[in-house]
Amino acid sequence: MLALTDGTVQQIAEDGLYGTCVTLTHNNGLTSSYCGMDDVRVQEGQVVSAGEALGGCADSIPAESALGTHVHVQVTQNDAPIDVLTLPMKMSRVN
């Protein structure tokens, strides 16, 4: 999974439903979380750039193992969920 935009790794934690979650903080009150990861390649406090690899997708997420390999991505602004499709292209598409 790649970072959606520049940010700082705020937390790496285990979640009972979604597995390993990496949370980044960004400018303007934005936070992005990537859950269902394995092979985490970042550390808390690390500054990352847009498109930088955070880690890989886990083979299964505890609550959704039947869905196969995937990552949950959530973006919030000032703690309110936002639609990533409304963000500038730099945020919504990483090559």
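Note: hydrogens, waters and symmetry copies are ignored here, and every other heavy atom, side chains too, is used.
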Problem set entry | Side chains of L4 and V73 in contact at under 4.5 Å (non-hydrogen atoms) | yes

For this session: Using distance alone, with no hydrogens and no angle criterion, decide if T31 and H26 have a side-chain donor and acceptor under 3.5 Å apart.
Result: no

Exercise. Any side-chain heavy atom of V48 within less than 4.5 Å of one from L24?
Worked result: yes

Exercise. Which heavy atom of R41 sits nearest a heavy atom of A53, and at what distance?
Worked result: NH1-CB, 3.6 Å

Exercise. Is there a donor-acceptor contact under 3.5 Å from the side chain of D39 to the main chain of G55?
Worked result: no

Exercise. When rounded to the nearest 0.5 angstrom, what is the spacing between OG1 in T5 and CD in E52?
Worked result: 12.0 Å

For this session: Would you indicate whether the side-chain heavy atoms of Q74 and P81 approach each other to under 4.5 Å?
Result: yes

Exercise. For C35 and Y18, which heavy atoms make the closest approach, and how far apart are they?
Worked result: CB-CB, 3.6 Å

Problem set entry | Atom pair CG/OG1 of N27 and T8 - distance to nearest 0.5 Å | 8.5 Å

Exercise. If only atom types and distance count, is the side chain of E44 paired as donor or acceptor with the main-chain N or O of I12 below 3.5 Å?
Worked result: yes

For this session: Provide the closest heavy-atom pair for A3 versus S49 in the form atom of the first, atom of the second, distance.
Result: CB-O, 3.6 Å

Problem set entry | Atom pair CG/SG of D38 and C57 - distance to nearest 0.5 Å | 7.5 Å

Exercise. Any luck finding a side-chain donor-acceptor pair between T20 and E14 under 3.5 Å?
Worked result: yes

For this session: Spell out, yes or no, whether L2 and V47 are grouped together once hydrophobic residues are joined by side-chain heavy atoms under 4.5 Å, including indirect joins.
Result: no

Problem set entry | Interatomic distance, S32 atom OG to L54 atom CG [nearest 0.5 angstrom] | 7.5 Å

Problem set entry | Under 3.5 Å side-chain donor-acceptor pair for T23 and S33 | yes

Problem set entry | Candidates M37, M1, Q11 - the one meeting side chain to side chain contact (heavy atoms under 4.5 Å, CB included) with V22 | M37

Exercise. Is a donor on one side and an acceptor on the other found under 3.5 Å between the side chain of N28 and the backbone of L30?
Worked result: no

